[in-house]
Peer 1: 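Got a structure here, written out as structure tokens. Questions coming.
For the single chain, residues carry numbers from 1 onward in sequence order.
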Amino acid sequence: MAETKGKFDFAIDRGGTFTDVFARLPDGRERVLKLLSYDPQNYRDAPTEGIRRVLEQETGQSFPRDQALDTSQIDWIRMGTTVATNALLERQGERTALLVTRGFRDLLHIGTQARPNLFDLEVCMPEVLYEEVIEVEERVILRQDSCQLPRNEPKRIVTGSTGESLEVWQELDLQRVEQDLRRVQSKGISSLAVLLLHSYTWTAHEKAVGSLAKRLGFNQVSLSSEVMPMVRAVPRGYTVCADAYLTPKIHLYLTEFSAGFKGGLKDVDVLFMQSDGGLTPMEQFYGSRAVLSGPAGGVVGYAVTCYGFMEKKPVIGFDMGGTSTDVSRYAGQYEHVFEATISGITLQAPQLDISTVAAGGGSRLFFRSGMFVVGPESAGAHPGPACYRKGGPLTVTDANLALGRLLPSFFPKIFGPGENEPLSTEETMKHFRTLTKEINQYLSTNQLSSSAAGGHHSEMSVEDVAMGFINVANEYVHANIKSDLTCHDTSEHVLACFGGAGGQHACAIARALGMKTVFIHKYSGVLSAYGLALADVVEEVQEPCSLKYEAGSYSELDRRIEQLSQRCDQILHKRGFSSSQINIEVFLHLRYEGTDCALMITATGHPSNAHSCMSGDFRTAFTKRYLKEFGFTITDRPIMVDDIRVRGSGKSGIRSKVQPKAGQKSPRPIKMTQCYFEDRYLDTNVYLWEDLSSDHSIQGPAIIIDKNSTILVEPACVAHLTEDGDVCIDVSTGTQCVLGAELNAIQLSIFSHRFMSIAEQMGRVLQRTSISTNIKERLDFSCAVFGPDGGLVSNAPHIPVHLGAMQETVQFQIKAAGGSMQEGDVILSNHPCAGGSHLPDLTVITPVFGDGMHAPMFFVASRGHHADIGGITPGSMPPHSTCLQQEGAVFTSFKLVTGGVFQEKAVTEALMAPAQYPGCSGTRNLRDNLSDLRAQVAANQRGCQLVGELIASYGLEVIQAYMGYIQSNAELAVRDMLKDFARRRRRQEAGSLEVEAEDQMDDGTPIRLKVQIDEQQGSAVFDFTGTGTEVWGNCNAPRAITLSALIYCLRCMVGQDIPLNQGCLAPVKVIIPPGSILQPSQNAAVVGGNVLTSQRVVDVIFKAFQVCAASQGCMNNISFGSEKSGYYETVAGGAGAGPTWKGRSGVHTHMTNTRITDPEILESRYPVILEQFSLRPGSGGAGLYRGGDGVIRKLRFRSPVVLSVLTERRSTQPYGLHGGKNGAPGLNLFHKTDGRVLNLGAKNTISLDPGDMFSLFTPGGGGYGSAGEQDGDHQLPSKHRCL
């Protein structure tokens, strides 16, 4: 890979809108070029055109567009491309079929079963990438020593690549497979994705299918065992489908690209950037590893250029483009993730850890219910921002233009319908004047604003409004970066800024993050292309493993590591690299036994010793990383090796040879302009980057312009030019803006986001530091912030059934404590009378005190579902409990931490206390309980810290004032919704402003609701009088559950983002009869009320308002286990259809959104075989818009277990609406080994023998509208789910 003198080198990033070209010329000079990626009137392919232009301009020779380019003067070409990304986003890939193990045809449709947006009743989710499914009769299962299944016939025993033994339960029938493959081939499908369970470790069946498919003539055959051999069938399945779907498109593009050159680039070294930041030969560039090809180049670009220059200080990459802002981090090593979701598809492949944290320059601006909102909607390239002269909306770009931060005279004239006009300041200002008028009118008449400001309102100017949107956009970015990098101190980093819009925001973002330096490379406008020129060629190999990291396994680990390392080394040598250019890195994918959180670990910095394998001390490296990531280690658990990964790098990146420009005495501005900052215009010098030299310093405010970017140097900041021609900005700490307690609409938006960010960051800490599957993987938790009166301020949207419910808990503790709370105290509670939902949901509450204050200023709380807290059945979800004590440990106002000391002994005694009741046990998993409680305390501590930082910045009076404003804002949004409903109701129903509805539980208990709406006030009375009495079983729902269901429904009906706080309930009076199922007595059993009755309350509210048909109305709670261990899951069903949408099939709805365990993980850790997990065809109600189908889930048990099922909608059906049919009820069946099939009913606990099977058929959703009204695919104009 030695450099060839006297030839051209090209690094090209083909983006969605622009193609960036970096060229190194034969004499060592460098030049960059930017052109449209799609311009069919002028050229066929943008990268080819870029190369042609450079060759023609630099050599003086003619290279006609209609002729293939001569490659004799080209040494190498490196490319990053969005071909795969765009095909994925636009669903323009190859027609694909999925071949999968029988019983799992819908596995990838169901996925994790969680919906992406809690409050979107339509449940918009990307569709799967395949159009045909072939189910094959084959099955292998992992052997288990404890397996007691009856043996009717011997099974073939095989050994997987992990060393695990497997049993081939059903051999592959290739004759049948061939018939099925020919059938899909006859439909014109030539791309095949193959996903067989446990093929990550035993590949024979997949390889046999692959060989057959290739023989039959399939153009693309992707095997999951080859694309990414990692455990977890769902992400591996998504990845192999993406590979089959995208690779043909990539190969087609590569063929077309090569055809533009003589000899098809045969004598040119052509490399493509993969998602992991490494280059690979063109012929090995395939779909699943190409999706982040372009962004990866940018990360390499700033990592190589900025990290070394800044004396190896860690760097945060800030890439602000047109539609999104991407953030990454580099601290000496590239940070990779091995599972990421892109366009709704989870890819299991090594990728640079690049997070989209906020909106970009093209993000739209809105004023909604008194709040400034930025994005997430984007104006796109067409029509683009208002200033593009194509009728587009206001965007962040327009706000910068309105403030004088963008100068149209320095932009090319490529705008307007004819693409020959400059940016239009006039168009931008016209839109802003209209919006400003609307905002001032709202603020002058709005009751909240008038009263808060003492009846006086100062009008906002256009500049105030534009500046407000810039501040809100910056706040979104700043808060999300802080949240995304929770375990890092951002103030210790440098901000490396690139992307078209980043330069206008860099100083403000850096200041907000506490950073002192912004670094902007001279090629920042084309940094992704430049990064390609700096990147290394990478060869990676990976294989699964199932060894423990212990002395007895070291020799086998060393053998396998050496084998993989030799493979990488040999491949790189064949590509022309010498040994001195090759670097080999070894990674082990490690986790603690019994947990699901694995970390990819390198032993760099931890050399081998007598107690490690030869590649390094991975144990020390793992425990240090685990402690940093999660705040604790688990010293008494073995460490498991899930995968071995070896990454070989061939050093081939160029180094810039640009000489520093000779200095001048002082920089000379080319003009002076006026820029608006906070409250005034300031004189601002404008400089051309190309005119600056390395000894120049530029005092802000100033603007630095080159042909690809505009940099704003804010007041009190100083920009310097480095010897290499890069811009380095010293960022001042700035003076804190003095903010009064009176309402400011811009600050209202900012504080709303900040309070929500606190709750979200608490959630991230809880997820990171917890140990149980329920909290860490299924995400069954919520975090919130409360005012001094216990009123909810912000609740991160984690689990809907927790929304608003914790407010009752906090307010109970305030009353119970009677002023006795002390700093350093933390309270634990789960009792229904104290605002609890059901006992497994443990709520941890921490009061926040100020200096010298004796009463709490705020409260923070976290609620998490613990897998077991004792009671009569494993999992603490007994189907037939009749009193609270049978459901586990009870905490009313328990001091979990006193004076800063965790009360482990006392809480252990309390968790074991249920054993004193007949038939009950104490907790069966004390270790996880204690670990998760500590994690909840840590999450609360993070919340206290963040609240304290806010108070230190703005003062307690301001923070508490804005807390009240945010609650009032949510109240206004709900009042507006109720007024709007009342107006339409009056028109449609001749004046009736009373609505009512009724539904029933399976036992016949009615849930009745009558809603009386006051149109004038925008208020309502929700009266549940007539609801059935408390029941003998456990479907009783504490009052807090009804309030949670109500706040969830109100938020859905508002139809737009509003703060989730007690203000939502302020316009509402709730009447619940004491002694009813919705307000039971103190010791009533309630475990089913939280997971079942809550869903019925939602059904009744939506029925009263005629919002949509009923969803499955159940969480389908399944638990099994023994006294040693247990497993708990909730299972998806069908969503209800609505006025403009079909119900989604196989998804969690309404009051829950937890994930389900992957089939391969389930079978590897529990004594169970998952025989089927698919949709339940026809279970959704018919109608103009059909309800979603439920699912079928069949579990066969391998050893004796106790099974508990706690379900609803088994005798009642989810209702259809406006002529739509009801969804099918659910069904629970017990298949005994003697052939009998028994109906278990809705709620039961049974003992199962090895070989017994449980079949779950979950309910479908109701249909909407009569099927004969019109075509069921018709879409009404509005998709907004607001009333």
Peer 1: Which pair of non-hydrogen atoms, one from Gln542 and one from Pro229, has the smallest distance, and what is that distance?
Peer 2: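 Scanning both residues, the minimum pair turns out to be O-CG, 3.6 Å.
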Peer 1: Is the closest side-chain donor-acceptor distance between Tyr200 and Ser161 under 3.5 Å?
Peer 2: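 Judged by distance alone, the side chains do not pair up.
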Peer 1: Between the main-chain N or O of Gln92 and the side-chain N or O of Tyr245, is there a donor-acceptor pair closer than 3.5 Å?
Peer 2: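 Pair found, side chain donor or acceptor close to backbone of Gln92.
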Peer 1: Do Glu539 and Arg567 meet the salt-bridge criterion of a basic N to acidic O distance under 4.0 Å?
Peer 2: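 Here Arg567 does not pair with Glu539 in a salt bridge, since their nearest N and O are not under 4.0 Å apart.
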Peer 1: Run the salt bridge (Lys or Arg N to Asp or Glu O under 4.0 Å) test against Arg176 and tell me which residues pass, sequence neighbours left out.
Peer 2: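 Partners of Arg176 under the salt bridge (Lys or Arg N to Asp or Glu O under 4.0 Å) test: Asp180.
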Peer 1: Looking at CG of Asp1158 and OG1 of Thr112, how far apart are the two atoms once the value is rounded to the nearest 0.5 Å?
Peer 2: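 Those atoms lie 10.5 Å apart.
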Peer 1: With a cut-off of 3.5 Å and sequence neighbours excluded, list every side-chain donor-acceptor pair involving residues 208-220.
Peer 2:
from	atom 1	to	atom 2	distance (Å)
Ser211	OG	Lys207	O	3.1
Asn219	ND2	Ser190	OG	3.4
Gln220	NE2	Ser222	OG	2.9

Peer 1: Are the side chain of Asp1189 and the backbone N or O of Gly1260 linked by a donor-acceptor pair below 3.5 Å?
Peer 2: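 Pair absent, no side-chain N/O of Asp1189 close to backbone of Gly1260.
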Peer 1: Looking only at heavy atoms, what is the nearest atom pair of Ala242 and Leu347, with distance?
Peer 2: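 Nearest heavy atoms, Ala242 then Leu347: CB-CD2, 3.5 Å.
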Peer 1: The criterion is side-chain hydrogen bond (donor to acceptor under 3.5 Å, both in side chains); which residues satisfy it with Ser288, sequence neighbours excluded?
Peer 2: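 Expected list: Asp243.
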Peer 1: Determine, stepwise, if the pair Trp76 / Leu271 fulfils side chain to side chain contact (heavy atoms under 4.5 Å, CB included).
Peer 2: CA-CA 8 Å; Trp76 52 252; Leu271 300 170; over 6 Å; no
Peer 1: Would you mind reporting whether Val1191 and Val1131 have side-chain heavy atoms less than 4.5 Å apart?
Peer 2: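 They are in contact (side-chain heavy atoms under 4.5 Å apart), so the answer is yes.
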Peer 1: Checking Thr203 against Ser199 for the side chain to side chain contact (heavy atoms under 4.5 Å, CB included) test, could you report, in this order, the C-alpha distance in whole Å, the side-chain angles of both residues, the deciding distance, and whether it holds?
Peer 2: CA-CA 5 Å; Thr203 64; Ser199 60; 5.6 Å; no
Peer 1: Can you find a heavy atom in the side chain of Arg1176 that is under 4.5 Å from one in the side chain of Ser1145?
Peer 2: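 They are not in side-chain contact.
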Peer 1: What's the verdict on salt bridge (charged side-chain N to carboxylate O under 4.0 Å, His left out) for Arg575 and Asp269, showing C-alpha distance, side-chain angles and the deciding distance?
Peer 2: CA-CA 10 Å; Arg575 292 182 187 159; Asp269 184 26; over 6 Å; no
Peer 1: Should the pair Arg232-Glu1160 be classified as a salt bridge under the 4.0 Å nitrogen-to-oxygen rule?
Peer 2: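 Here Arg232 does not pair with Glu1160 in a salt bridge, since their nearest N and O are not under 4.0 Å apart.
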Peer 1: As a test of understanding, state which of Leu196, Asp173, Val100, Val177 forms a side-chain contact (heavy atoms from CB on, under 4.5 Å) with Glu138.
Peer 2: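 Option passing the side-chain contact (heavy atoms from CB on, under 4.5 Å) with Glu138: Leu196.
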Peer 1: Under the side chain to side chain contact (heavy atoms under 4.5 Å, CB included) rule, collect the residues that match up with Lys34, sequence neighbours excluded.
Peer 2: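 Side chain to side chain contact (heavy atoms under 4.5 Å, CB included) check on Lys34 returns Phe18, Asp20, Val526, Asn708.
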Peer 1: Working to the nearest 0.5 Å, report the span between CG of Leu174 and CD of Gln179.
Peer 2: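 Between Leu174 CG and Gln179 CD, I get 11.5 Å after rounding to 0.5 Å.
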Peer 1: From Ile354 CD1 over to Ser275 OG, what is the distance, rounded to the nearest 0.5 angstrom?
Peer 2: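 Ile354 atom CD1 to Ser275 atom OG measures 8.0 Å (nearest 0.5 Å).
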Peer 1: If every non-hydrogen atom of Val133 is compared with every non-hydrogen atom of Arg183, which pair is closest and at what distance?
Peer 2: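 Minimum heavy-atom separation between Val133 and Arg183: O-NH2, 4.2 Å.
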Peer 1: Please state whether the rings of Phe257 and Phe272 are parallel, tilted or perpendicular, taking 30° and 60° as the class boundaries.
Peer 2: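 Because their plane-to-plane angle is over 60°, the rings of Phe257 and Phe272 count as perpendicular.
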Peer 1: Under 3.5 Å, is there a donor on one side chain and an acceptor on the other for Ser225 and Arg236?
Peer 2: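 No, no side-chain donor-acceptor pair sits under 3.5 Å.
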Peer 1: Report yes if some heavy atom in the side chain of His336 is under 4.5 Å from a heavy atom in the side chain of Gln351; otherwise report no.
Peer 2: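 No, every pair of side-chain atoms sits at 4.5 Å or beyond.
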Peer 1: To the nearest 0.5 Å, tell me how far Leu99 CG sits from Tyr130 OH.
Peer 2: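 Atom-to-atom, Leu99:CG and Tyr130:OH are 12.0 Å apart.
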Peer 1: Are Glu49 and Arg65 within salt-bridge range, i.e. N to O under 4.0 Å?
Peer 2: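 A salt bridge links Glu49 with Arg65.
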Peer 1: Would you confirm whether Arg1186, through its side chain, and Gly1143, through its main-chain N or O, come within 3.5 Å as a donor-acceptor pair?
Peer 2: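 No, because the side chain of Arg1186 does not come within donor-acceptor range (under 3.5 Å) of the backbone of Gly1143.
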Peer 1: Just so I know, are the side chains of Cys568 and Glu540 near enough to count as touching, which here means a heavy-atom distance under 4.5 Å?
Peer 2: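 In short, these two side chains do not touch, never coming nearer than 4.5 Å.
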Peer 1: Check whether any side-chain heavy atom of Ile51 sits under 4.5 Å from a side-chain heavy atom of Phe261, and report yes or no.
Peer 2: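 Yes - at least one pair of side-chain heavy atoms lies under 4.5 Å apart.
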Peer 1: Indicate the atoms forming the closest heavy-atom contact of Met320 with Gly361, along with that distance.
Peer 2: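 Result for this residue pair: CE-N, 4.2 Å.
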Peer 1: Any heavy-atom pair between the side chains of Leu129 and Thr96 that's under 4.5 Å?
Peer 2: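 Sidechains of Leu129 and Thr96: no contact.
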Peer 1: Side chain to side chain donor-acceptor pair (under 3.5 Å): which pairs involve residues 251-266, sequence neighbours left out?
Peer 2: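 Qualifying pairs: Asp45-Tyr253.
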Peer 1: Are the side chain of Asp643 and the backbone N or O of His589 linked by a donor-acceptor pair below 3.5 Å?
Peer 2: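 Not a single qualifying donor-acceptor pair exists.
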Peer 1: Short question: side chain of Tyr530, backbone of Gly301 - any donor-acceptor pair under 3.5 Å?
Peer 2: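 It does not hold such a pair.
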Peer 1: Count the heavy atoms of every other residue, nucleotide or ligand shown that sit under 6.0 Å from CD of Glu283, and state whether that count exceeds 12.
Peer 2: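 For Glu283, atom CD is crowded (more than 12 foreign heavy atoms under 6.0 Å).
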Peer 1: For Tyr302 and Asp319, what are the C-alpha separation, side-chain angles and deciding distance, and is it a side chain to side chain contact (heavy atoms under 4.5 Å, CB included)?
Peer 2: CA-CA 10 Å; Tyr302 81 73; Asp319 179 7; over 6 Å; no
Peer 1: Is any side-chain heavy atom of Met125 less than 4.5 Å from a side-chain heavy atom of His109?
Peer 2: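 No - every pair of side-chain heavy atoms lies 4.5 Å or more apart.
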Peer 1: Return the CG to CZ distance between Leu33 and Phe22, rounded to the nearest 0.5 Å.
Peer 2: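 Between atom CG of Leu33 and atom CZ of Phe22 there are 12.5 Å.
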Peer 1: Output the distance between atom OG1 (Thr101) and atom CZ (Arg139), rounded to the nearest 0.5 Å.
Peer 2: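 So the gap between those two atoms works out to 6.5 Å.
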Peer 1: Using modelled atom types and a 3.5 Å cut-off, is there a donor and acceptor pairing between side-chain atoms of Arg78 and backbone atoms of Ala529?
Peer 2: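 Not confirmed, Arg78 side chain does not pair with Ala529 backbone.
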Peer 1: Under a 4.5 Å cut-off applied to non-hydrogen side-chain atoms, are Arg289 and Met228 in contact?
Peer 2: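 Sidechains of Met228 and Arg289: in contact.
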Peer 1: Which atom pair, heavy atoms only, marks the closest approach of Leu352 to Gly277?
Peer 2: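 Nearest pair, atom of Leu352 first, then Gly277: CD1-CA, 3.8 Å.
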Peer 1: Quick check: closest heavy atoms across Ala46 and Thr19, and the distance to 0.1 Å?
Peer 2: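 Of all heavy-atom pairs spanning Ala46 and Thr19, the closest is CB-OG1, 3.4 Å.
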Peer 1: If we ignore hydrogens and angles and just use 3.5 Å, is the side chain of Arg115 paired with the main-chain N or O of His1148 as donor and acceptor?
Peer 2: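 Looks like yes, one N/O pair under 3.5 Å.
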Peer 1: Kindly say whether Leu88 contributes a backbone atom to a donor-acceptor pair with the side chain of Arg91 at under 3.5 angstrom?
Peer 2: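 It does hold such a pair.
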Peer 1: Taking the side chain from Arg1193 and the backbone from Phe1173, do they hold a donor-acceptor pair closer than 3.5 Å?
Peer 2: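 Judged by distance alone, no pair lies under 3.5 Å.
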Peer 1: Checking Leu192 against Val194 for the side chain to side chain contact (heavy atoms under 4.5 Å, CB included) test, could you report, in this order, the C-alpha distance in whole Å, the side-chain angles of both residues, the deciding distance, and whether it holds?
Peer 2: CA-CA 6 Å; Leu192 181 69; Val194 182; 3.9 Å; yes
Peer 1: Would you confirm whether Glu206, through its side chain, and Ser224, through its main-chain N or O, come within 3.5 Å as a donor-acceptor pair?
Peer 2: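 Confirmed, Glu206 side chain pairs with Ser224 backbone.
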Peer 1: Checking Arg364 now: which residues fulfil salt bridge (Lys or Arg N to Asp or Glu O under 4.0 Å) with it, not counting sequence neighbours?
Peer 2: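 Scan of Arg364 (salt bridge (Lys or Arg N to Asp or Glu O under 4.0 Å), adjacent residues dropped) gives none.
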